[in-house]
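Below is one structure, written out as structure tokens; the observations come after it.
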Amino acid sequence: MAGVLSDEIDVLAKARRALPGDYFPSEDEEYMNEQQQDYFRRLLLEWKRSILSASVDTLSALQEGPIREPDLNDRASSETDWGIELRTRDRQRKLIAKIDSAMRRIDEGDYGYCEVTGEPIGLGRLVARPIATMTVEAQQAHERREKVSRDN
């Protein structure tokens with residue numbers, strides 16, 4: 001699981017580096033001004049583009065044909081690797097839906113505000129997780145409620 005999260009962070013970092021210009025959102029500015037919204041829109045689009053590009057590579061490799069390792073252990077290892085790759089792509093497919101949702105929120109003027117409390121999520125959290133929909137406190141409360149529900 002840590003590997004998948006690491007891959008997600010790597011793709012987001014790569015997307016950040018691909019952004020043109022040297023603007024970075026600052027706490028000194030008005031929250032979610034036009035420049036910040038543009039920054040996050042470009043970041044989300046680049047992140048999505050990176051994910052789609054990686055999925056095309058996976059699809060191409062899958063179309064090359066079945067795994068033909070002569071040794072059973074090598075074949076099992078290759079199949080395990082493919083299983084992990086496919087799970088990663090499925091996770092990223094779900095991530096694309098969240099990216100699209102975040103871009104819709106930018107267009108509607110709701111981006112950067114908690115869906116539970118309506119308070120600003122904060123630039124630090126959005127820079128780390130541009131698809132965040134809740135403040136840290138609201139997210140923690142949500143996770144506690146979820147845990148209690150599971151335990152019952």
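Quick note: numbers below take in every heavy atom, side chains included, and nothing from hydrogens, waters or symmetry partners.
- Taking Ile, Leu, Val, Met, Phe, Trp and Tyr as hydrophobic and joining them when side-chain heavy atoms fall under 4.5 Å apart, one finds M134 in a cluster with V116.
- R16 has its side chain within reach of L43: a pair of non-hydrogen atoms, C-beta onward, lies under 4.5 Å apart.
- From K94, atom NZ reaches atom CD1 of I99 across 14.5 Å, with rounding to the nearest 0.5 Å.
- Take E143 and apply the side chain to side chain contact (heavy atoms under 4.5 Å, CB included) test, not counting sequence neighbours, and it matches Q139.
- Summarising the geometry, atom CG belonging to L19 is positioned 10.0 Å from atom CZ belonging to F24; distances are rounded to the nearest 0.5 Å.
- Scanning for side chain to side chain contact (heavy atoms under 4.5 Å, CB included) contacts around L52 gives K48, S55, I96, with sequence neighbours left out.
- Under the 4.5 Å side-chain criterion, counting only non-hydrogen atoms from C-beta, L123 is in contact with M32.
- Within the 3.5 Å criterion, the main-chain N or O of E46 finds a donor-acceptor partner in the side chain of S50.
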What side-chain donor-acceptor pairs closer than 3.5 Å can you find for residues 101-108, not counting sequence neighbours?
residue: S101; atom: OG; partner: R105; partner atom: NH1; Å: 3.0
residue: D107; atom: OD1; partner: R41; partner atom: NH2; Å: 3.2

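- Residue pairs meeting the ring-ring contact (aromatic ring centres under 6.0 Å, His included) criterion with at least one partner in residues 95-120, sequence neighbours excluded, are Y31-Y113, F40-Y111.
- Looking at residues two or more places apart in sequence or on another chain, you find a salt bridge (Lys or Arg N to Asp or Glu O under 4.0 Å) between R93 and D90.
- Taken from CG in L44 to NZ in K98, the straight-line distance is 13.0 Å, to the nearest 0.5 Å.
- The shortest side-chain heavy-atom distance between C114 and T133 does not fall under the 4.5 Å cut-off.
- In terms of the side chain to side chain contact (heavy atoms under 4.5 Å, CB included) criterion, A128 has no residue partners (sequence neighbours excluded).
- Each salt bridge (Lys or Arg N to Asp or Glu O under 4.0 Å) pair with one or both residues in residues 22-40, not counting sequence neighbours, appears once here: D38-R42.
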